[in-house]
Amino acid sequence: MSDLPVLQPTDAKRILEGALLAAQEPVTLADLRRLFDEDLGADTLRRLLEELREEWSERSVELVSLASGWRFQTRREFLPFMERLRHERPPRYSRAVMETLAIIAYRQPVTRGDIEDLRGVSVSASIIQTLEARGWIDVVGHRETPGRPALYATTKAFLDDLGLRSLEELPPLEEIAKTVTLEPATEPQALPQAESAAAPQSPDSAPGES
Amino acid sequence: MSDLPVLQPTDAKRILEGALLAAQEPVTLADLRRLFDEDLGADTLRRLLEELREEWSERSVELVSLASGWRFQTRREFLPFMERLRHERPPRYSRAVMETLAIIAYRQPVTRGDIEDLRGVSVSASIIQTLEARGWIDVVGHRETPGRPALYATTKAFLDDLGLRSLEELPPLEEIAKTVTLEPATEPQALPQAESAAAPQSPDSAPGES
Amino acid sequence: MSETAALPVARIYGEPLVELPSDLYIPPDALEVMLEAFQGPLDLLLYLIRKQNLDILDIAMAPLTRQYLEYVDIMRTRNLELAAEYLVMAAMLMEIKSRMLLPRPPAVQAEEEDPRAELVRRLLEYEQMKQAAHRLDALPQSGRDVFPIGVFIERAAERLPEVRTADLVEAWRALLYRARLSAHHHITREELSVRAHMSLVLRRLQEHRVLEFAELFDPARGVAVLVVTLLALLELARESLIDITQSESYAPIYVRLARPAAH
């Protein structure tokens, strides 16, 4: 960029930039610090990263902070151009896969049986395999019930790939029961709370309100 | 676009930059020209690329022109820094290479034309060379059609390196098919709807312009 | 559902039914698509309920059960593969309906749980997850909407990429999606083994130029392999990749690569 001050390749920011551009995977702050001979304080490092992010703010590629660190990636707005170059629409997961993923993300850790109860249908092995192969879920333990079913949870790679830093950044669950007229409104933020969503049957709630 | 204001012709450089940074392999001039709606003369394109190269001349990453096209790569002087991060990611084959390999594995023996038909895009010689050099595919014959194209098949080394005893151990294709949505990307509300299911929209309606 | 829209055509448990359910007609061609579109009985129920703007917390069991059963019947008469879950749900709906029809003393009614409670809980929970799935799908996804940058690293010795079968699966999935290769849904394991043996035969013919027909078969490997080898030979001949010749009846049959002299 012409308006960037000319910097020497030895400059710390240029080193960070080069390392991040070449990394592909998110790089942790700890790894980034290992780039430098003398210790670069965590604060300095963070400041440099913020400056870098700012420098890249007007470009097709952006520097983002994810669950497992920092990386450069194309902006979403750049997708039409990516498609011209790749001649291809990247694949989308089927609804079955996405629903399974959502249940694992919001209700983790869950067993395959839990997922089947919630979806009301059996969950094929290939769906679980797809999510495992993508590195988005893994087995974090077993439930101590007959058969010791595996407990699935989402991984850091899942967060990274969806541009999130933590599970708290997942889109909040919609309060489906909002049509309830009798019950006092539940806390707006009440996260995965099956009970509050399901609780009330109001036999005389007016059907007029759509 | 929020951050990239409507891309002006002057932004052509930023588009080129994004495309080249995101490409895993060198990009040809012809491919780069396809990024733009109106034809960008070859001279203009070359001038922009030279300007871009100049912009990057003081950084850890450089833009280089190779026989097969243009690409960004880390500067040799930067390698010592990269090595400190080295233990990082193992190298990966590009999607084009992986898809070509998958087609040869599942559909062998196939010609380059067969692969192109399946992928819907041309398959560069370098992709085939990559797989041949690795010893994973070889020519097992020629199809007796004009040009006598070579027929490719996977080798024993391929099976060995993937830990398979035979091709039958590859995951069955029907299972894979089940995890892919074959519908065009739908709006959140569109499904299930008898109407839209009965008359699916054109599957190729592009998300952006194009 | 506005009161002004139309006069109710019927009253069901005191609730006006303004119009006859109109959404049950499914064009025959679309049936299988529909079946695929629904993720299961809960999904179908939600659709039926939402389609009529029914309050999910006050489901009118009779019309819902009837619509559901009609739908299931259509699927059955057309011999579509009907997941067992659909029938389980049908049974559950009928049970709830019958329990609601039974007269109960007011005192009992007050403390007894509404028989629909469990169904409502499941529907709400499922709908919540369904929406969550949509929202997850709407997030920018790496590899689909945004792409990680990893510029080429100039280095002395190249490390070779590792490939696992999962990577091949992923690659094939991308292909399938992109090309919507309907023709390739039908590829089976068996077909793959034929293609694998096609490669083997070609490989052997490259070494030996000409082989006697029988030499290509190894009875020690079992009947299945014999059959697959034969199928591979037939397919190779069909694709004009090999020539099979016999000078006269009962003479040996020879197999060679097609027109080897041309090369």
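On a predicted model such as this, the values are computed, not experimentally measured, just so you know. Chain letters run A, B, ... following the sequence lines, proteins first, then strands; residues in each count from 1.
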Problem set entry | Segment of A/Ala96 engaging chain B (4.5 angstrom heavy-atom cut-off) | neither
Problem set entry | Non-hydrogen atoms of A/Ser60 and B/Arg14 that approach each other most closely | OG-O, 2.6 Å
Problem set entry | Heavy-atom proximity to chain B below 4.5 Å, by part of A/Leu35 | both
Exercise. Once you round to the nearest 0.5 Å, how far does CH2 of A/Trp56 lie from CG of B/Leu21?
Worked result: 5.0 Å
Exercise. Does any non-hydrogen side-chain atom of B/Asp37 lie less than 4.5 Å from one of A/Arg84?
Worked result: yes
Exercise. Quick check: are there more than 12 heavy atoms from other residues, nucleotides or ligands sitting under 6.0 Å from CZ of A/Arg165?
Worked result: no
Problem set entry | Check: A/Gly18 main-chain N/O paired with B/Arg59 side-chain donor or acceptor under 3.5 Å | no
For this session: Can you see which heavy atom on A/Leu85 is nearest to which on B/Arg34, and at what distance?
Result: O-NH2, 4.0 Å
Exercise. Heavy-atom count around B/Glu51 CD within 6.0 Å, excluding the residue itself: above 12?
Worked result: yes
For this session: Can you tell which part of B/Phe72 gets under 4.5 Å to a heavy atom of chain A, answering side chain, backbone, both or neither?
Result: neither
